[in-house]
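Just so you know, residue 1 is the first one in the sequence shown, and it goes up from there. Order of listing sets the numbers, starting from 1, for every ligand and every atom in it.
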Amino acid sequence: VRIAVALVSFWVAIPGGWAGDVALAPGADWILYDGDILAVDPAFSRHAAIAIGDGVILAVGTRADAEEWAGERTRRLDLDGKTVLPGLIDNHNHLLLAALASGSVDLSGARSIAELTAAIARHAKRVPPGELIVASRAWHESQLRENRLPTRRELDEAAPDHPVYVPRGGHTVILNSRAIAAAGVDADTPVPPGGKVTRDEATGELTGEFIDRAIELVSGLLPPPPDPGEMTELLMAEANRMLAAGYTSIRDAAVEPPQMRLYQALWEQGSLPLRIGMMPRFEPLYRPSNLTADEVLEQVESWGVRSGFGDPMLRIDAVKLMVDGGFEGGLMREPYAEGSGVPPDFHGLQLVSDDKLAGMITGLNRAGWRVGTHVVGDRAMDLLLDAYEQADRDQSIVGRRWTLEHALLTRPEHIPRIKALGLVVSAHDHAYVAGASLVKYWGAERANAVAAVKDLLAAGIVVGGGTDWPVVPYSPFAALYYWISRDTVSAGPLGIGQRLTREQALRMYTINNAYITFEEDVKGSLEPGKYADLVIIDRDYMAVPEKEIRDIRVMATMVAGAWRYRGGGLRIPE
Ligand SMILES: [Zn+2]
């Protein structure tokens, strides 16, 4: 890749002077012109035209600049004034999980408990009695008028003849009575440490809600995953949805080693339609093991590869670790808000002991791995920075771009520590859909302190953006709208002082994300020598009224010089 980039940069230095000298005919495959091309280069420059050849960008500039690369094979596209962005990058997307869940009941459109249960009831009519009904995890109670989870009894009414399993995000599952019985669980079943079940205050009866490690009690109900052939098809379909949304690169934020073969299968066939970075996870998701730090390291070492292995389409990124729960289980210095339904003096969940965390991180560092850790609460951030600093004293991690995944509640005193370790932050728009829950669980003050990205950027820390799909909807334009406005679906604006400019927000989903994976020299902006990854959108991102940003539609998406999505509205020559 580096050689190719150097070569192309050389061509660019002498445009037009190359074809006669060698057998290679480096004419452009594509010239796109009469557009508003946001390069997202250091100067945030805008151009009218771009020339593309052999999967890389040859020139960006005026139409005349692009035409210098014209050749026999050149096709042209009149952009008709449309805006072009660098291909968008989602730095935290559970693409495989989403593909696995794609046969489940979609609850993302429900706006009340009644609509949610109606969706389950409709699904139940099509499924033989007794068969498990699983919902997709891509929804949140904040989107519901009642701003609460459905109860076991409500799910019983929706599907009296079926066991029902409703995950919400990655940390909570709600079951109906048939499913609880099928799992062999009752009110007396002991709850594993690090887990929680909720009970009716009056009767002590299970409400059907299982949190974090308590999910182990019921996850055995889930059917075995589809076979590799079916799975590869589902994955391809999911990747195509992401292309239609404008993404050209996805960092899959938790992949178990056996699942990596699914990505490898698409890669081998040459049919991987967008670029994938994999964050391997050594323990089965949501069923944390009791492995010691040494056993974990032994497992990871046995893989033989390490961060950075791969090619421009498929790479291995940092190992994924987790400190605490989601935002209703994030580990906090101060207790959760009173009346939020959690036990009094609840501070959140710590999923791994301090010692094991530090032991794993130090060992992974010695083995040459980068580390990316899920961290939500401010107390979890204290513990994680302690562990990262301990690893750094053993062997410096500065310059390795270790990540803080989510980092929803940073405190001002964390910022110099983050900076000193050269950490990068992978920030996500959970609050956009879940704002009301944040207020409920954390109280207004902490909810307004969520995702202090402006402060992190001001301190010179690189912050990239992601969606956490399918925990949060995958639209990059909803995410951009959130960072620019700090508006939320259910609680009005939260953290208004942290509003970003459109330029800052766009950098998060392009060049900053490329930086996180050490790819800022080859992608994340539209500059000569970089991969020809771009997206054409239907309106002017820089000028459209703020609320319309979330409605921006993708017209076409190009990866490595090939159109991977054509949404209509543009006449793209074949
Ligand atoms: Zn995640």
Side-chain angles (χ1 to χ4, degrees), residues 89-102 108 136-140 142 167-173 211-213 215 219 235 238 242 245 247 249-256 259-260 263 276-288 316-331 348-349 351-352 370-377 380-381 384 402-410 424-434 437-438 450-451 453 463-476 478-479 482 508-509 513 516-517:
I89 304 172
D90 187 340
N91 75 19
H92 190 118
N93 179 310
H94 298 282
L95 193 69
L96 259 175
L97 269 182
L100 267 168
S102 49
S108 63
S136 148
R137 63 183 75 242
W139 67 280
H140 196 277
S142 287
R168 202 278 279 123
H171 304 272
T172 302
V173 174
I211 298 168
D212 284 301
R213 287 201 66 183
I215 296 171
S219 54
L235 184 56
E238 196 63 30
M242 297 304 124
Y247 293 115
S249 296
I250 294 278
R251 183 162 163 264
D252 192 322
V255 181
E256 292 167 32
Q259 297 175 326
M260 293 187 198
Y263 280 124
I276 298 287
M278 299 181 286
M279 294 184 76
R281 212 193 123 89
F282 44 84
E283 295 165 323
L285 273 180
Y286 316 124
R287 272 175 272 167
I316 294 179
D317 195 42
V319 163
K320 172 75 176 290
L321 300 177
M322 291 181 81
V323 183
D324 60 345
F327 54 71
E328 54 294 270
L331 189 63
L349 301 167
L351 301 181
V352 52
R370 294 171 56 234
V371 175
T373 310
H374 163 115
V375 54
V376 167
M381 185 65 80
L384 181 61
W402 284 19
T403 61
L404 303 169
E405 300 293 322
H406 311 313
L408 285 181
L409 192 59
T410 51
V424 289
V425 174
S426 170
H428 313 125
D429 59 319
H430 294 84
Y432 181 57
V433 281
S437 283
L438 273 183
V450 71
V453 168
V463 183
T467 64
D468 209 7
W469 168 248
V471 178
V472 175
Y474 58 79
S475 164
Y482 165 73
M508 287 173 69
Y509 291 81
N513 277 343
I516 286 181
T517 55

Can you list the residues that meet the side-chain hydrogen bond (donor to acceptor under 3.5 Å, both in side chains) rule with Asn513, with sequence neighbours excluded?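 Once residues adjacent in sequence are excluded, the partners of Asn513 under the side-chain hydrogen bond (donor to acceptor under 3.5 Å, both in side chains) criterion are Asn91.
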Partners meeting salt bridge (charged side-chain N to carboxylate O under 4.0 Å, His left out) with Asp317 (sequence neighbours left out):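 Expected list: Arg251, Arg370.
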Do the rings of Trp469 and Tyr474 sit parallel, tilted or perpendicular, given the 30° and 60° boundaries? perpendicular
Measure up the His428 and His406 rings against each other and bin them: parallel (under 30°), tilted (30 to 60°), perpendicular (over 60°). perpendicular
Among Leu384, Thr410, Val463, Thr373, find the residue that satisfies the side-chain contact (heavy atoms from CB on, under 4.5 Å) test when tested with Leu404. Leu384
Ala380 meets the side chain to side chain contact (heavy atoms under 4.5 Å, CB included) criterion, sequence neighbours left out, with Val323, Asp324, Leu331, Val375
Check for me: within less than 2.8 Å of the Zn ion (ligand 1), which protein N/O/S atoms show up?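 The answer, once waters are left aside, is His92 NE2, His94 NE2, Asp468 OD1.
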